[in-house]
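To start, the structure itself, in C-alpha cells.
Note on naming: letters A, B, ... go to the chains in the order of the sequence lines (proteins, then strands), and numbering restarts at 1 for each one.
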Number of protein chains: 2
Amino acid sequence: MANYSKQREAILTELQNRCDHPTAAQVYEGVRQVIPNISLGTVYRNLAALVESGEILSVSVGDGKEHFDGDKSFHLHLHCKNCGAIIDSRVEREKLKNLADLDGFTPENSVCVVYGLCKNCNKQ
Amino acid sequence: MANYSKQREAILTELQNRCDHPTAAQVYEGVRQVIPNISLGTVYRNLAALVESGEILSVSVGDGKEHFDGDKSFHLHLHCKNCGAIIDSRVEREKLKNLADLDGFTPENSVCVVYGLCKNCNKQ
DNA sequence: CTTAAAAGTAGTAATCATTACTACTTTTTA
DNA sequence: TAAAAAGTAGTAATGATTACTACTTTTAAG
C-alpha cells in the first residue's frame, strides 16, 4: 500500500543522522543536499506522516516552529529561553522531581506532554 | 516600573478561573466578557509577559497553537491525537517509566521540555 | 510485460497564528 | 502637575504550515 518514496527515506535518514532537533525548514535544507529539487511541501507532508507512524517525534518548545527528533528513546529536552538551544538530557527520572543538576542548565519550569488516544476516542 | 494594567489582571484571572488549556484566541474570547474592547494583540503581549515572569505556563502540543496553563504545579498533559483534547494527569512519577494506566488514555509517545537557561547563557 | 488505478511529488497559492507598528491613553515619577 | 514611561486598540505585516493542481512514480492485475 505504499509508504515508500526516496523522498521519505531521505527525510528519515537526514533526521537519524543528525543529533539536534531540526525544524521542517532545516530538514529541507539538509535533504536538498541529496535531492536538490525536493519540495518544502513534501518535507512537511512526510514529516507529518513519520510522526503519525511513530517513526520520529515532534518536539514543540513554544518558539513558533515545530522541531523533529529521530531519537525516540525517553529523554528530556532542555530549552534555553535565551539562546533557544534544545539540549538532550538523560537524567534519571528521580531528578524530574526537583529539576536540579541538569549539566549546568538552570531550570525554571517544565512541561510534559504525552501523546496518544483518550478514553473516548479509544472506543472509536 | 509597572506591570499593572487591568487588562493583564483580567487575563491572569481568566486563566486561573478555568481549568482547561486555552489558546490566546480562547483567552481573548473569555476576557472580552469583562473588557469588551480589549485587543487580541494585548492578549498576546500579556500572555507572553506572564509566561516570561513565570506566572503562567505555555504548553505546546504541536497543534499549531500555543496553549496556556494557569496551574503551575507539576502534572502531565495527555494530548489526544484524535480529538485534540489536553487532559491533566497527576500520575506518580514512577509511572512515567512505562506510561501505562493513565485513566483510560492510551499513550504512544511522550515529550518533556524543561525551560530555563543553559550553561553558556547563565554566565551572561 | 503493460497499463490503469493509486500514491506521491514539485511548485505555487492560500491560510492563519502570531508579531510589529502607529497613534492614543493611562500610569508613574520627579 | 507635567513630562517620561509603559500600556493599549486597531490594523498591517510576517512567516510557518497547509491546500491545491498538474505531473510523475509506484503498485497491482490481467
Side-chain angles (χ1 to χ4, degrees), chain A residues 1-15 20-53 55-69 79 81 84 86 113 115, chain B residues 1-15 20-53 55-69 79 81 84 86 113 115:
Chain A
M1 273 109 196
N3 67 340
Y4 165 81
S5 79
K6 69 173 198 278
Q7 286 86 346
R8 178 172 306 187
E9 279 197 1
I11 288 165
L12 182 55
T13 300
E14 167 72 13
L15 255 170
D20 57 347
H21 308 79
T23 62
Q26 292 172 320
V27 171
Y28 174 61
E29 283 311 316
V31 175
R32 286 225 282 177
Q33 310 296 312
V34 184
I35 307 177
N37 72 326
I38 194 171
S39 161
L40 181 56
T42 296
V43 173
Y44 271 102
R45 183 163 23 77
N46 280 296
L47 284 172
L50 290 167
V51 169
E52 174 63 26
S53 73
E55 291 170 86
I56 64 173
L57 282 179
S58 151
V59 180
S60 302
V61 297
D63 65 352
K65 301 159 207 157
E66 201 158 6
H67 295 257
F68 298 91
D69 193 345
H79 179 239
K81 68 178 189 180
I86 303 177
V113 180
Y115 297 89
Chain B
M1 276 95 204
N3 68 340
Y4 165 81
S5 79
K6 69 173 198 279
Q7 286 87 347
R8 179 173 304 187
E9 279 198 1
I11 288 166
L12 182 56
T13 300
E14 168 72 13
L15 255 171
D20 57 347
H21 309 79
T23 62
Q26 292 172 320
V27 171
Y28 174 60
E29 283 311 316
V31 175
R32 286 225 282 177
Q33 310 297 312
V34 183
I35 306 176
N37 72 326
I38 194 172
S39 161
L40 181 56
T42 295
V43 172
Y44 272 102
R45 182 163 24 77
N46 280 296
L47 284 172
L50 289 167
V51 168
E52 174 64 26
S53 73
E55 290 170 87
I56 64 174
L57 282 178
S58 150
V59 179
S60 302
V61 296
D63 65 351
K65 300 159 209 159
E66 201 160 6
H67 295 257
F68 298 90
D69 194 345
H79 179 237
K81 68 178 189 180
I86 303 176
V113 179
Y115 299 90

Rounded to the nearest Å, what distance is computed from the [atom1] atom of residue [X] to the [atom2] atom of nucleotide [N]?
X       : N      : atom1 : atom2 : answer
B/Asn46 : D/dA9  : CG    : C1'   : 13 Å
B/Lys65 : C/dC16 : NZ    : P     : 10 Å
B/Glu66 : D/dT17 : CD    : P     : 13 Å
A/Lys6  : D/dT24 : NZ    : P     : 13 Å
A/Leu40 : D/dT17 : CG    : P     : 9 Å
A/Arg32 : C/dG11 : CZ    : C1'   : 12 Å
B/Arg8  : C/dT25 : CZ    : C1'   : 17 Å
B/Tyr44 : C/dA17 : OH    : C1'   : 5 Å

Item to complete: Indicate yes or no: at least one non-hydrogen side-chain atom of A/Glu52 is less than 4.5 angstrom from one of B/Lys81.
Response: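 Heavy-atom side-chain distance check passes, below 4.5 Å.
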So, does [X] get its side chain near the phosphate of [N], meaning an N or O under 4.0 Å from OP1 or OP2?
X       : N      : answer
B/Ser5  : D/dT8  : yes
A/Gln7  : C/dA10 : yes
B/Arg45 : C/dT19 : no
A/Ser39 : C/dT9  : no

Practice prompt. Evaluate the salt bridge (Lys or Arg N to Asp or Glu O under 4.0 Å) criterion for residues A/Glu9 and A/Lys6: first the C-alpha distance (whole Å), next the side-chain angles of each, then the deciding distance (0.1 Å), finally the verdict.
Written response: CA-CA 5 Å; A/Glu9 279 197 1; A/Lys6 69 173 198 278; over 6 Å; no
Worksheet item: If you measure only the distance, is there a donor-acceptor pair under 3.5 Å linking the side chains of B/Glu66 and B/Ser58?
Response: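 Distance-only check passes for B/Glu66 and B/Ser58.
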Fill in: Distance, nearest 0.5 Å, that separates CG of A/Leu12 from OG of A/Ser53
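It is 8.5 Å, given to the nearest 0.5 Å.
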Fill in: Nucleotide nearest B/Ala24 when distance is taken to its side chain, options C/dT18, C/dA10, D/dG10
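That would be C/dT18.
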